[in-house]
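Structure first, commentary second.
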Amino acid sequence: MKSRIKYWINPRHWSRLSGNDIDLLDLKQHIFFSQLCVVGCLFTIIQVVDDFYTLNWTLIPIDIVAIAIWPFGWWLNERGRHLLAKCIMIAFMNTLFFVMCGLLSPSIRFDMMYFPLIMLTFIVLGNKERLVAIGFSLASIAFLTILAVTDQRPFGDIIIMAPNKYQEVLNIVTVAVFMGASAVFILDLHGRAGKILHQQKDELTKANEELDRFVYSASHDMRSPLISIQGLVNVATLEGEMSPSSKEYFELIRNRAQKLDDLIKDITNYSRNSRLGVEIKEVNLQEIVEEAIEKIRFLENTKSIVVNRSVIGQPKVATDGGRLSILINNLLTNAIKYHDLTKPSPFVDVIFENSETELGLTIRDNGRGIEVKHHDKIFNMFYRASKNSEGSGLGLYIVKEMVEKLNGTIEWKSTYGQGTEFKIRIPHSPE
Ligand code: ADP
């Protein structure tokens, strides 16, 4: 409690809070309400001075209650009963203004007070209590309507304060001060929220960059010992006679090392894609297809599958050749890996279509297809759509990320038991 008093009493906190924590924005609303109670109390005292000066005995008891209600609202708010404090104050002010308008001369224009009240109601209650604020504002509008309909004489023709220029000016100043304070508060909050957002965006970008750098260098460092293991296994299997079981063990080691290498390559590809920008250079589509087919030559299924390739349109194209190679490689590897060799004539079609506006890549197979229940998840990170899948589940995720980076689109269809087709379109100016 003591520290809270110290906190809001410090003028530095009247218009701004130190620190840029998002939680401070909520706190600031409550502090603003406490500050309003103090300012409101001061303005009421100034109003009351005039009533005492003119010895207006009807208004003096109302004034005393009005002066007392501000510290009460402040006290409740400072004790953490924010909503209760705000509701009591808003309800009281709505009623007080109505009574005052009914008792004072209409020329004093006390009904103007409702406008800052409506504005402040929305500000102090904030987004979470928007419905409560709407309720109070409707009440204010109802009071204003009654005053308009009755020519500000809802209690009949009782006027306890005649036209008074000093009061009128004081009302105008009060309205201006509270409207101005509301505007400053909103602008300050807006600026503060923008700053917080900026700061968080910067922190997030930095964290992402660090993570990318870490992933890249860790996978890079992991690859060198792995390549040594693969080399040593090759040397060991070539050297002299060995028992069938040792041969089997070495084959298993080679197999596992290859899987780990594939995973590291996937992670590196993913990291490179998110780190590096699009790099356009002239490539030959025919060469890219042949290189991709060369890479899948060692896969187990390849020799039983016919790979048809065609390039429609100009084979030379300016595009991001590095990403294009990874795209074709991932899709072609899947088409081979998930084929169904029991089919009478297993095939994979690889078609490039180079038109005036875009580059199309279609990879179609008559393999095992993908079950409908997996269709909305196959592009998810680490998602595998079948029990027999031996990959990392990163291949299609990388495809999706790369196509996004190239501003392209992916269409695909798959019928379980019949085959799968992926069609990628990349615009000629992908940046
Ligand atoms: P993985 O590393 O498992 O191959 P991918 O992200 O490349 O991961 O693919 C996700 C899943 O989609 C695979 O596990 C596989 O079940 C399925 N899949 C992808 N391409 C094909 C395809 N051409 N035919 C059948 N299933 C496929």
Side-chain angles (χ1 to χ4, degrees), residues 215 219 222-223 226 255-274 289 292-293 295-310 322-352 360-406 408-425:
V215 168
S219 27
M222 273 191 280
R223 252 197 115 193
L226 192 61
N255 213 299
R256 296 292 179 274
Q258 186 57 48
K259 280 220 166 72
L260 187 54
D261 194 32
D262 289 344
L263 172 67
I264 293 172
K265 269 191 216 147
D266 276 348
I267 294 174
T268 317
N269 283 340
Y270 164 73
S271 155
R272 285 175 79 93
N273 181 55
S274 53
V289 178
I293 292 174
K295 277 189 198 146
I296 51 142
R297 210 156 55 88
F298 301 103
L299 291 179
E300 221 177 282
N301 288 349
T302 307
K303 38 190 177 310
S304 323
I305 299 168
V306 177
V307 181
N308 306 306
R309 58 273 221 183
S310 62
R323 284 190 172 86
L324 194 61
S325 294
I326 295 170
L327 286 176
I328 187 170
N329 191 51
N330 286 7
L331 292 175
L332 186 57
T333 309
N334 279 352
I336 300 287
K337 272 197 312 190
Y338 303 115
H339 219 293
D340 178 3
L341 298 185
T342 61
K343 291 263 165 81
S345 41
F347 72 85
V348 175
D349 291 337
V350 182
I351 307 160
F352 266 127
L361 167 64
T362 306
I363 297 194
R364 187 187 301 133
D365 65 68
N366 62 341
R368 59 182 86 150
I370 301 169
E371 282 182 86
V372 175
K373 65 176 180 190
H374 300 297
H375 278 201
D376 54 339
K377 294 183 225 102
I378 58 158
F379 290 102
N380 289 358
M381 201 184 232
F382 298 121
Y383 192 79
R384 295 185 190 117
S386 75
K387 282 188 218 95
N388 318 338
S389 166
E390 292 176 359
S392 60
L394 276 173
L396 289 182
Y397 175 72
I398 293 169
V399 167
K400 182 189 77 159
E401 292 287 303
M402 283 195 174
V403 171
E404 259 170 37
K405 193 103 181 184
L406 296 170
T409 55
I410 309 177
E411 277 169 34
W412 74 283
K413 54 182 185 233
S414 183
T415 311
Y416 191 51
Q418 287 186 22
T420 307
E421 178 182 313
F422 286 92
K423 186 168 178 113
I424 290 173
R425 289 192 175 87

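Computed from a prediction, not measured in an experiment: that's the story for all the values here. As the structure lists them, so they are numbered: ligands from 1, and atoms in each ligand from 1.
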Nearest neighbour in protein (non-hydrogen) for atom 2 (O) of ligand 1: Gly393 N, 2.8 Å
Among protein heavy atoms, which lies nearest atom 3 (O) of ligand 1, and at what distance? Ser389 OG, 2.7 Å
More than 12 heavy atoms of other groups within 6.0 Å of Lys413 NZ: no
Say whether Phe422, considering both its backbone and side-chain N or O atoms, lies within less than 3.5 Å of an N or O atom on ligand 1. no
Which option wins on minimum heavy-atom distance to atom 21 (C) of ligand 1: Tyr338, Tyr383, Tyr416? Tyr338
Residue, atom name and distance, where the atom is the protein heavy atom closest to atom 19 (C) of ligand 1: Asn334 ND2, 3.5 Å
Short list, please: which atoms of ligand 1 are under 4.0 Å from a heavy atom of Ser392? 2 (O)
Aromatic ring pairing Tyr270/Tyr397, orientation class (parallel under 30°, perpendicular over 60°, tilted between): tilted
Tell me which one of Gly395, Gly391, Ala385 gets a heavy atom nearest to atom 17 (C) of ligand 1. Ala385
Just wondering, more than 12 heavy atoms not from Arg272 lying within 6.0 Å of its CZ? no
Among all protein heavy atoms, pick the one closest to atom 6 (O) of ligand 1 and tell me residue, atom and distance. Leu396 N, 2.8 Å
Under the criterion side chain to side chain contact (heavy atoms under 4.5 Å, CB included), which of Ile336, Thr333, Ile293 is the partner of Thr302? Ile336
Contact with ligand 1 for Gly369, non-hydrogen, under 4.0 angstrom: yes
For atom 26 (N) of ligand 1, grab the closest protein heavy atom and report residue, atom and distance to one decimal in Å. Ile370 CG1, 3.3 Å
Once you round to the nearest 0.5 Å, how far does CD of Glu300 lie from CG of Leu341? 9.0 Å
Working to the nearest 0.5 Å, report the span between OG1 of Thr420 and CG of Asp365. 4.5 Å
Of all the heavy atoms in Lys337, does at least one lie under 4.0 Å from an atom in ligand 1? yes
Hey, could you give me the CD1/CG distance between Ile326 and Asn269, rounded to the nearest 0.5 Å? 3.5 Å
Among protein heavy atoms, which lies nearest atom 22 (C) of ligand 1, and at what distance? Thr420 OG1, 3.9 Å
Applying a heavy-atom cut-off of 4.0 Å, say which part of Phe379 lies close to ligand 1: side chain, backbone, both or neither. neither
Nitrogen or oxygen atoms of Arg384 and ligand 1 under 3.5 Å apart: no
After noting the C-alpha distance and the side-chain angles of Phe422 and Asn334, does the key distance pass the side-chain contact (heavy atoms from CB on, under 4.5 Å) rule? CA-CA 11 Å; Phe422 286 92; Asn334 279 352; 5.8 Å; no
Which distance, rounded to the nearest 0.5 Å, do you find between the CG of Asn273 and the CZ of Arg323? 4.5 Å
Out of all atoms in ligand 1, which are within 4.0 Å of some heavy atom of Asp365? Include the element for each. 23 (N)
Within this structure, what is the OG-CD distance for the pair Ser274 and Glu404, rounded to the nearest 0.5 Å? 12.0 Å
